[in-house]
Number of protein chains: 2
Amino acid sequence: MPDAAKRANVTLRDLATSVGVSQSAVSMALSDHPRISEPTKRAVRAAAARLGYVPNSAGRALRAGRSTSIALVVPQTGRHVFGHPYFMHLLVGVTEEANARDTALMVSTNPDETHGMAAYERVLRSQAASGAIVASASISDPNVNRMVDAALPVVLVGRFAHLPHAASVGTDEIAGAAAVTRHLVQDHGLTRIAHISGPLDHQTAVDRYEGFRGALAASGRPCTHTLAAGDFSEESGRAAARQVLDSMADLQAIFAANDEMAHGAMLEIRSRGLRVPEDIALAGYDDFGVSRLTTPGITTVHVPAQALGRRAASVLFALLDGVAPDPLHTVLPFELVVRESCGSHHG
Amino acid sequence: MPDAAKRANVTLRDLATSVGVSQSAVSMALSDHPRISEPTKRAVRAAAARLGYVPNSAGRALRAGRSTSIALVVPQTGRHVFGHPYFMHLLVGVTEEANARDTALMVSTNPDETHGMAAYERVLRSQAASGAIVASASISDPNVNRMVDAALPVVLVGRFAHLPHAASVGTDEIAGAAAVTRHLVQDHGLTRIAHISGPLDHQTAVDRYEGFRGALAASGRPCTHTLAAGDFSEESGRAAARQVLDSMADLQAIFAANDEMAHGAMLEIRSRGLRVPEDIALAGYDDFGVSRLTTPGITTVHVPAQALGRRAASVLFALLDGVAPDPLHTVLPFELVVRESCGSHHG
DNA sequence: CCGATCTGCTGAAACGTTGAAGCATCTGAG
DNA sequence: CTCAGATGCTTCAACGTTTCAGCAGATCGG
């Protein structure tokens, strides 16, 4: 256990004078260079432990031409980012992997909507981080293209159809939305369904809507559907539910593009004296907690955000090691989580 | 808009050759040194924009002897940290302030329970970050003492009674717990109350328990209370509720030390055919979302975690600027949030 | 018109690290 | 005994930045 004077920052030079060899010998001893004798190595290691030597990361990064950190870049404001449990789970996964590789993690968000470049500039071009994981919701964020174009080590989380050459990690949200839609149609026999989508400049919103429509079309049954767009917030879900409940007679079910909007819809349904699921069945997407807490629980699709984070980090490390990620686009499985909000248990 | 060849990393030297002055002149021009002429400054700035120059953070940090990053250190595993909404809100606040100062944020957690030092070593002693915000739940984390002893720029989030000289930011949780307890006793006339505490090696758990007892003692009414300790998880809250419901006859209310345990207690109460609040009133603590989502909503105390994060960051920046924080210990106000779980609305 | 002062730049050093190249000293083969 | 090679270290340079000291040339007071 190191205990001695740890005030000043101990450098290689301090170790060198302490042991009585040159600075380089110390450096080589610590990296176990074959041309350094065992006794010297032992002496150096002992001194390092005694003085509490920790290599200066700036010196190391400068010399190596790359830092020992990776960054999680989310080109949105912090409030938006960390308010959403998705990013939290992502963060858990990324830190797990980064910790395993003893790599520091920088988190970079935008100060506000106008500074699109900031999150990216700050960490990557200044080489504060040697690579980045980018989680951008917007379908056409020019900064993402820029990073990819600059051939920087980047892993995208989500689906970026227009960037086929960039490494990415995601789930098949079209299939996920289709699965939950099929559950409504085929397991519960519901055919008059509304979809509350997210903002349609989000890939996620587009994909979930597409999955919904595709499943209806493929169902072989005459289904009626309607759409109202929200912004993924509970309040917008409630407003959208108001709209579809007013406009579509004999509505049987609502599939919201995320659980928060589904929760908003549930509040609106209830406020009209209707019951979930007896009068209106309900389904959401994400499974980050909201859907488990409500009564009844909301049927949803589990997004493996933590696994996505882990995988994104490991793909990034592969890139940094100069290994081509295989596959370039990882698609992790989703899981349909059936709860009470869409009707009696059909198995 | 910079557009030219941004492949290679542009250094001061590149700018220097491009403009036709020395490296130092470029550096001085960019920092608006008075001894550089306006025309030169304009030329340098133009070249910097054209080539897309971004200062290398390692070079800068090495020269300056300190980095431009701050760290949020949470000596726990990532899973534990980011699973808890408290840290999320804290993170929002910290990033807001860090972004405002154009400072990168490193997030450091422990790889596992055994590596107590890791989160701290990685960022601070290697000088990857110039200062740290430490959010440690454990009452006697030796690493916190170590950091404070090492006189590193550190701001603690929470109450660290044994470290009076370290800057800290927190709320008065004793008063918060007392407020919600008073609400149960005085506004609702409940006198047979159980407390479900957190693990009593957490300062937070200790303080909330103390606030509870203090408020009962100060109420001037004959109150009966009992205690069961949980670990802040929903499941442990349910188990603790089982225990107090079995052991205390005529129990009227349960005050859980956080909302998740309160939610667990609610599930247990309901499973016994009892109603909240008619048969058993319920209160929690934190207000990070759970308490708002349940039906009925859970009366709780709002912890201003985001504000804590913001304030912690600004205090840290003060420390880094060499300014003594005033006050050394910031105490932000909490807020009692009355919902339906403790009875009819008394105003 | 000469010394002092100002202006605008250059050169060099330093931060801590790493690693290539170099230099003794020792060993062992011939 | 000699010299090739191994062994164990040292010296030096470089990464990109900032800044201090210094150096020309211009400006100005007397």
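In what follows, chains carry the letters A, B, and so on, assigned in the order in which the sequence lines appear, proteins first and then strands, with residues in each chain numbered from 1. Any value given below was found using the heavy atoms of this structure, including those in side chains, with hydrogens, waters and symmetry copies removed.
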Practice item. Check whether any side-chain nitrogen or oxygen of A:Arg13 sits under 4.0 Å from OP1 or OP2 of C:dC15, and answer yes or no. Key: yes
Point to revise | Phosphate OP1/OP2 of C:dT18 contacted by A:Arg60 side-chain N/O (<4.0 Å) | key: yes
Practice item. Show your reasoning for whether side-chain contact (heavy atoms from CB on, under 4.5 Å) applies to A:Arg311 and A:Leu332. Key: CA-CA 9 Å; A:Arg311 186 56 168 266; A:Leu332 296 184; 4.1 Å; yes
Review point. For B:Ser27, which contact category applies under a 4.0 Å heavy-atom criterion: base, sugar-phosphate, or nothing?
Key: base
Exercise for review: Would you please say whether a donor-acceptor pair under 3.5 Å links the side chains of A:Ser126 and B:Asn56?
Suggested key: no
Review point. Can you tell me if B:Ser24 and B:Ser27 form a side-chain donor-acceptor pair at under 3.5 Å?
Key: no
Revision key, fill the gap. In terms of heavy-atom contacts, B:Val92 and B:Thr95 come closest through O-OG1, 2.8 Å
Study note, to complete from the structure: Correct closest heavy-atom pair for B:Leu319 and B:Ala167 would be CD1-CB, 4.3 Å
How long is the line joining [atom1] of [X] and [atom2] of [N], in whole Å?
{"X": "A:Leu62", "N": "D:dT18", "atom1": "CG", "atom2": "C1'", "answer": "13 Å"}
{"X": "A:Arg63", "N": "C:dT17", "atom1": "CZ", "atom2": "P", "answer": "12 Å"}
{"X": "A:Tyr53", "N": "C:dT18", "atom1": "OH", "atom2": "P", "answer": "6 Å"}

Review point. Can you name the one residue among B:Val107, B:Leu105, B:Leu308 that meets side-chain contact (heavy atoms from CB on, under 4.5 Å) with B:Val94?
Key: B:Leu105
Review point. Given that A:Ser31 and A:Gly59 both sit by DNA chain C, which one's nearest nucleotide is further toward the 5' end?
Key: A:Gly59
Practice item. Go along nucleotides 7-12 of chain C 5' to 3' and tag each nucleotide: B for a protein heavy atom under 4.0 Å from its base, S when only backbone or sugar atoms are that close, - otherwise. Key: BBBBBB
